[in-house]
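Okay, structure first, notes after.
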Amino acid sequence: MQHPRTPHVVVVMGVAGTGKTTIGPLLAARLGVPYAEGDDFHPPANIAKMSAGIPLDDEDRWPWLDAIGSWAHERAGLGGVVSSSALKRAYRDRLRAAAPGVVFVHLTGDRGLIEERMAHRQGHFMPTALLDSQFATLQPLEPDERGVAVDVSGSPEDITARAVNALRDLEQSSARSSQ
């Protein structure tokens, strides 16, 4: 079922292994907007560091977040979906500063399920060993942040449907509160 185009840029966020790269394109297709893979915005030095099992620090992340923020800013009013771990509030604040209308879809789930999925994926630079640092860094969405949390259990289609429904509910509640 196709939904009307969204003028918002949706950032699909969460720790490694939650399915951002799988759900992002499915969500974009359902919303009728383009998708951008957040990992493609990493400079080569970041990919080399993560491939070696070394967690990124904030100094590594700022240029990456700025590149994602620039893409989101360009898509403002047109809509789009981009993936980004966006684990800390400060990272999301930086994205919002570049593109104030972004909406977050936080993919959440049981650590065991996420670790199992990471162990079975092929050709990704993020090793399972970095999952602990991802969970240690994670700051879930706060009540004043525009977004929704979506559980990652089930099929990609199930997760995408939950995300679409949660975004629709968020839009409806925002529309009601602005009346």
Side-chain angles (χ1 to χ4, degrees), residues 8-24 27 35-43 45-47 49-51 53-73 75-76 80-118 121 124-153 159-160 162-167 169-171 173-174 177:
H8 301 291
V9 173
V10 177
V11 177
V12 178
M13 62 168 281
V15 299
T18 53
K20 296 180 296 290
T21 299
T22 300
I23 303 307
L27 183 58
Y35 171 73
E37 171 55 51
D39 288 340
D40 293 344
F41 292 93
H42 274 297
N46 284 8
I47 293 173
K49 205 171 178 181
M50 289 183 286
S51 295
I54 302 167
L56 299 180
D57 60 27
D58 286 351
E59 291 307 309
D60 298 320
R61 285 190 181 95
W62 298 136
W64 173 65
L65 290 164
D66 290 343
I68 291 171
S70 178
W71 184 88
H73 178 79
R75 298 295 314 161
V81 174
V82 62
S83 58
S84 169
S85 53
L87 298 177
K88 287 184 180 179
R89 170 72 187 244
Y91 305 161
R92 298 187 298 273
D93 288 345
R94 194 157 183 134
L95 292 173
R96 273 191 298 274
V102 296
V103 177
F104 295 92
V105 170
H106 181 187
L107 299 178
T108 64
D110 174 72
R111 189 191 190 291
L113 172 66
I114 293 167
E115 189 169 23
E116 180 183 325
R117 287 183 179 173
M118 282 183 76
R121 67 184 181 178
H124 196 278
F125 58 80
M126 177 69 86
T128 306
L130 289 183
L131 192 55
D132 287 337
S133 73
Q134 293 260 302
F135 273 105
T137 302
L138 176 63
Q139 295 171 344
L141 290 173
E142 295 180 27
D144 66 326
E145 294 185 273
R146 187 149 187 227
V148 296
V150 176
D151 182 71
V152 297
S153 59
I159 299 163
T160 302
R162 282 196 295 273
V164 168
N165 291 335
L167 287 169
D169 293 347
L170 180 65
E171 282 300 309
S173 71
S174 293
S177 67

Measure across I159 and S153 and return the closest heavy-atom pair with its distance rounded to 0.1 Å.
-> CG1-O, 3.7 Å

Applying side chain to side chain contact (heavy atoms under 4.5 Å, CB included), name anything that partners P140, two or more places apart in sequence or on another chain.
-> H106, L138

Between V152 and L113, is a side-chain contact (heavy atoms from CB on, under 4.5 Å) present by the stated rule, with each step listed?
-> CA-CA 9 Å; V152 297; L113 172 66; 4.3 Å; yes

Output yes when E37 and K20 qualify as a salt bridge under the 4.0 Å nitrogen-oxygen rule, no when they do not.
-> no

Looking at side-chain heavy atoms only, is the closest gap between F104 and R96 below 4.5 Å?
-> yes

Start with the C-alpha gap between R146 and V102, add the side-chain angles, then the distance that decides, and say whether side-chain contact (heavy atoms from CB on, under 4.5 Å) holds.
-> CA-CA 8 Å; R146 187 149 187 227; V102 296; over 6 Å; no

Non-hydrogen atoms of A98 and S70 that approach each other most closely | CB-N, 4.5 Å

Between K88 and D58, does at least one N-O distance fall below 4.0 Å, as a salt bridge requires?
-> yes

Q134 side chain reached by L87 side chain, heavy atoms, under 4.5 Å = yes

Taking the side chain as every heavy atom from C-beta outward, state whether V82 and W71 have any atom pair closer than 4.5 Å.
-> yes

Over 60° means perpendicular and under 30° means parallel, so classify the ring planes of H42 and W64, tilted if in between.
-> parallel

Hey, does the side chain of N165 reach the backbone of R162 with a donor-acceptor pair shorter than 3.5 angstrom?
-> no

Residues passing the salt bridge (charged side-chain N to carboxylate O under 4.0 Å, His left out) test with R94, sequence neighbours excluded, are D66

Heavy-atom donor-acceptor pair, R92 side chain to A86 backbone, under 3.5 Å = yes

L27 vs V10 side-chain heavy atoms within contact, under 4.5 Å | yes

Return the minimal non-hydrogen interatomic distance between G109 and I114, and the atom names on each side.
-> O-CD1, 3.6 Å

Nearest heavy-atom approach of L65 to S84 is CD2-OG, 4.0 Å

Salt bridge R111-E116, side-chain N to carboxylate O under 4.0 Å = no

Does a side-chain heavy-atom distance below 4.5 Å link L56 with M50?
-> yes

Any chance you could measure D39, atom CG, to N46, atom CG, to the nearest 0.5 Å?
-> 10.0 Å

Main-chain N/O of R89 paired with Q139 side-chain donor or acceptor, under 3.5 Å = yes

Taking the side chain from E145 and the backbone from E142, do they hold a donor-acceptor pair closer than 3.5 Å?
-> yes

Side chains of S83 and Y35: donor-acceptor distance under 3.5 Å anywhere?
-> yes

Let me see the working for V103 and L167 under side-chain contact (heavy atoms from CB on, under 4.5 Å), right down to the final yes or no.
-> CA-CA 9 Å; V103 177; L167 287 169; 3.7 Å; yes

Result for side chain to side chain contact (heavy atoms under 4.5 Å, CB included) between I68 and one of D40, V11, V9, L95 points to L95

Is there a side-chain contact between V150 and T108 (heavy atoms, below 4.5 Å)?
-> no

Residue pair K49, D60: steps toward the side-chain contact (heavy atoms from CB on, under 4.5 Å) verdict = CA-CA 10 Å; K49 205 171 178 181; D60 298 320; 2.6 Å; yes

